[in-house]
Student: 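One structure, pasted below without further comment.
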Amino acid sequence: MRWITTALALCHAAPATAQICTIDFTIEVTQGVGFIAPGTEMPGTAEFETDGRTFRQEGGTMAHFATGQMTIGDAISGRIWTLITTSRGSAADLIGVYAYDVEGLTFAGQNFDGPMALTLFGDPGTRPTTAPPATQAEWDEMSLRRSFTLHADADMLAGDVVDLTATCTG
């Protein structure tokens, strides 16, 4: 019985405060799909709420469970399920917003149905903690590389994030 208690303690960190965020971003397509050509700019939005539950993963990564919606372009959308953060590792620091159950993009019989990810990277040590970012400045610090991807079985839509505005409360 003791090993179960120990395992649960290792799996779930203490609940953090719930947070609500709206992120408006623009991607410049680098890998197009069908009529979405490289160089095309597409608007996107991610609206989510973390629920305070976190899960420590390998390498110091922290998963913050979240619910919400990510939309890109006019009709491509998916359900957000997690916000991933890293801090002070030997590799780049990371903030990632991940969605699944994506709908709205099919080309040549290929469904682009997930996962969909907005990932922001910063130099190692950019983030002081693995807590979810709360201010525009914290999102802006992640400027090493900013990317968007939407995967299909054998292809993907990808782009660079060229503009991002975040509003978080909680």
Side-chain angles (χ1 to χ4, degrees), residues 18-51 53-55 57-59 61-86 89 91-124 126-127 130 132-134 136 138-169:
Q19 181 180 31
I20 299 171
C21 290
T22 299
I23 304 169
D24 294 308
F25 59 95
T26 303
I27 66 164
E28 182 178 337
V29 174
T30 57
Q31 181 171 334
V33 172
F35 302 108
I36 304 172
T40 301
E41 287 195 354
M42 297 180 73
T45 301
E47 297 175 337
F48 62 90
E49 180 175 358
T50 62
D51 66 9
R53 294 180 300 146
T54 60
F55 184 86
Q57 299 180 310
E58 65 279 344
T61 301
M62 188 67 72
H64 306 273
F65 292 101
T67 56
Q69 188 84 7
M70 186 184 305
T71 304
I72 188 82
D74 293 329
I76 304 165
S77 65
R79 293 187 307 150
I80 292 175
W81 68 278
T82 191
L83 172 72
I84 301 289
T85 59
T86 63
D93 283 358
L94 163 78
I95 299 171
V97 181
Y98 298 94
Y100 66 114
D101 289 340
V102 176
E103 298 176 338
L105 179 58
T106 300
F107 185 76
Q110 183 78 294
N111 289 325
F112 289 76
D113 53 10
M116 184 162 55
L118 177 67
T119 50
L120 311 175
F121 300 91
D123 290 319
T126 300
R127 303 209 67 239
T130 57
Q136 181 68 44
E138 289 176 281
W139 291 91
D140 289 346
E141 288 174 336
M142 304 304 285
S143 60
L144 185 62
R145 183 167 192 279
R146 299 169 148 230
S147 65
F148 171 87
T149 55
L150 169 55
H151 294 271
D153 289 332
D155 202 357
M156 76 175 171
L157 171 66
D160 294 326
V161 176
V162 294
D163 186 37
L164 184 140
T165 304
T167 305
C168 299
T169 59

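For clarity, every value in this text was computed on a predicted model and none was experimentally measured.
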Student: Does D155 reach the side chain of Q31, with side-chain heavy atoms less than 4.5 Å apart?
Tutor: yes

Student: If you round to the nearest 0.5 Å, how far is CD1 of I80 from CE of M116?
Tutor: 7.5 Å

Student: Can you name the nearest heavy-atom pair linking L144 to A92, along with the distance?
Tutor: CD2-CB, 4.0 Å

Student: Do the non-hydrogen side-chain atoms of N111 and E103 ever get within less than 4.5 Å of each other?
Tutor: no

Student: Could you check if a side-chain atom of R53 sits within less than 4.5 angstrom of a side-chain atom of F55, using non-hydrogen atoms only?
Tutor: no

Student: What's the separation between atom OG1 in T30 and atom CG in D160, rounded to the nearest 0.5 Å?
Tutor: 5.5 Å

Student: Taking all atoms of both residues into account, what is the closest heavy-atom pair of Q19 and P133, and its distance?
Tutor: NE2-O, 2.9 Å

Student: Look up atom CG in L83 and atom CZ in F48, then write down how far apart they are to the nearest 0.5 Å.
Tutor: 5.0 Å

Student: Give the ring-plane orientation class for F107 versus F35, where under 30° counts as parallel, over 60° as perpendicular and anything between as tilted.
Tutor: perpendicular

Student: Evaluate I23 against W139 for side-chain contact (heavy atoms from CB on, under 4.5 Å), listing each step before the verdict.
Tutor: CA-CA 10 Å; I23 304 169; W139 291 91; 3.3 Å; yes

Student: Going by atom types alone, do E141 and T126 pair a side-chain donor with an acceptor below 3.5 Å?
Tutor: no

Student: Taking atom CD1 of I95 and atom OG1 of T86, what is their separation to the nearest 0.5 Å?
Tutor: 8.5 Å

Student: Between CG of D93 and CZ of F121, what distance do you get to the nearest 0.5 Å?
Tutor: 10.5 Å

Student: May I ask you to test the T61-I84 pair for a side-chain heavy-atom distance under 4.5 Å?
Tutor: yes

Student: Over all heavy atoms of both residues, which pair between H64 and P132 is shortest? Give the atoms and the distance, please.
Tutor: CE1-CD, 3.4 Å

Student: Might you point out which heavy atoms bring F148 and I72 nearest each other, and give the distance in Å?
Tutor: CZ-CG2, 3.9 Å

Student: Can you tell me how far the OG1 atom of T54 sits from the CE atom of M62, to the nearest 0.5 Å?
Tutor: 5.0 Å

Student: Can T45 and T71 be said to form a side-chain hydrogen bond (donor to acceptor under 3.5 Å, both in side chains), step by step?
Tutor: CA-CA 5 Å; T45 301; T71 304; over 6 Å; no

Student: Sub-3.5 Å donor-acceptor pair from the side chain of T26 to the main-chain atoms of V162, do we have one?
Tutor: no

Student: Going by heavy atoms in the side chains, are Q110 and V33 under 4.5 Å from each other?
Tutor: no

Student: Mind listing the closest non-hydrogen atom pair of E49 and A18 along with its distance?
Tutor: OE2-CB, 4.5 Å

Student: Compare every heavy atom of D140 with every heavy atom of S143, then report the nearest pair and how far apart it is.
Tutor: CB-O, 3.7 Å

Student: Is there a donor-acceptor pair under 3.5 Å between the side chain of Q136 and the backbone N or O of L164?
Tutor: yes

Student: Would a distance-only check, ignoring hydrogens and angles, find a side-chain to backbone donor-acceptor pair under 3.5 Å from T85 to T130?
Tutor: yes

